[in-house]
Amino acid sequence: RQMCIRDRYMGMILNNKFSKDPVAEDCKNILQCFAVKQYVRLRAKREIRVCLQLLKPENKDLFYASLNGSQKDQVICVEELKLYLLAKSCLCPGINTIISLLITSNKPNVAFNRDGENWIDEYFNGMQNEIYRIPLEPALFAGIRFSWIAQQLFKEFNIILFALEINVFGDFRVYVNPADYIFQDYKHYGYVLAASLPDIEAINSMISVSYTHLTLPTIYSV
């Protein structure tokens, strides 16, 4: 009731990573998740999506078995994520460093040459980037291809549009690099890599001007 969860689209339950009893911690969070979902069912007469953080990967099965969880619920296991990253780093060395830098906001203030070709300058330059979620309004983006928008954003603002949040029959899903996707007439959200939060008004103005003056190829019917 204090969180007004009945009016929310999603709930998030985090664990205590310093807990001395990870099994008991996971069971407590699963029970809290059950209480949240039951409260929304009784008060709002609907289902709610829950993002649950667990310590032990084997407790994911306990969650889905005890709560009858749907595919909309998301369970994240800290230990499982660590093992996935360690395994992935064997195939792609350095991926741990990339991910840790992208999800870290507190970056060291180090002087470097942005145009330098030394590896240390490239490293510090890439360290400044973070992941941002930006709105893409249908009035401007409807009918435009994803690949064209990604090219324009990188050319004009030096930001990388790498994923898109799309509404699929009422279920929001994130797709990585949907190059041939054409924006529909509803609001999308893009995920970008940038050194700071992009200026949404500048992006909208650029798209409006660039797409208006874009020369499309003439199509002849036979």
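What you see below is based on every heavy atom in this structure, not just the backbone, and it leaves out hydrogens, waters and symmetry mates.
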Enter the distance from [X]:[atom1] to [Y]:[atom2] here, rounded to the nearest 0.5 Å.
X	Y	atom1	atom2	answer
Ile159	Ile134	CD1	CD1	5.0 Å
Asn129	Leu101	CG	CG	9.5 Å
Leu55	Asp21	CG	CG	10.0 Å

Which residue pairs satisfy the side chain to side chain donor-acceptor pair (under 3.5 Å) criterion with at least one member in residues 196-205, sequence neighbours excluded? none

List the residues meeting side chain to side chain contact (heavy atoms under 4.5 Å, CB included) with [X], not counting sequence neighbours, and say none if there are none.
X	value
Asp180	Arg145
Lys82	Val78
Pro57	Cys77, Glu79, Glu80
Phe154	Asn158, Ile160

State, with a plain yes or no, whether a side-chain heavy atom of [X] is found less than 4.5 Å away from one of [Y].
X	Y	result
Gln32	Leu52	no
Pro198	Phe157	no
Tyr64	Val75	yes
Tyr189	Asn167	no

When you measure from the side chain of Lys37 to the backbone N and O of Ile48, does any donor-acceptor pair fall under 3.5 Å? yes

Would you confirm whether Asp185, through its side chain, and Ala142, through its main-chain N or O, come within 3.5 Å as a donor-acceptor pair? no

Results of ring pair (Phe, Tyr, Trp, His ring centres under 6.0 Å) for Phe18 - residues two or more places apart only: none

Assess whether side chain to side chain contact (heavy atoms under 4.5 Å, CB included) is satisfied between Leu153 and Met206, documenting all intermediate values. CA-CA 9 Å; Leu153 291 181; Met206 183 273 298; 3.8 Å; yes

Pair Ile30, Leu54 - check side chain to side chain contact (heavy atoms under 4.5 Å, CB included), show working. CA-CA 9 Å; Ile30 290 175; Leu54 298 177; 4.2 Å; yes

Under-4.0 Å salt bridge between Arg173 and Glu165: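 No.
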
Side chain to side chain contact (heavy atoms under 4.5 Å, CB included) for Val192 and Ile131? Distances and angles first, verdict last. CA-CA 6 Å; Val192 300; Ile131 299 177; over 6 Å; no

Here's a test for you: under side chain to side chain contact (heavy atoms under 4.5 Å, CB included), which of Ile95, Asn96, Leu102 qualifies with Ile99? Ile95

Show your reasoning for whether side chain to side chain contact (heavy atoms under 4.5 Å, CB included) applies to Leu164 and Leu136. CA-CA 10 Å; Leu164 197 63; Leu136 305 175; 3.7 Å; yes

Between Phe146 and Phe183, what is the ring plane arrangement, given parallel below 30°, perpendicular above 60°, and tilted in between? parallel

Closest heavy-atom contact between Ile166 and His188?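 That closest heavy-atom pairing would be CG1-CD2, 4.2 Å.
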
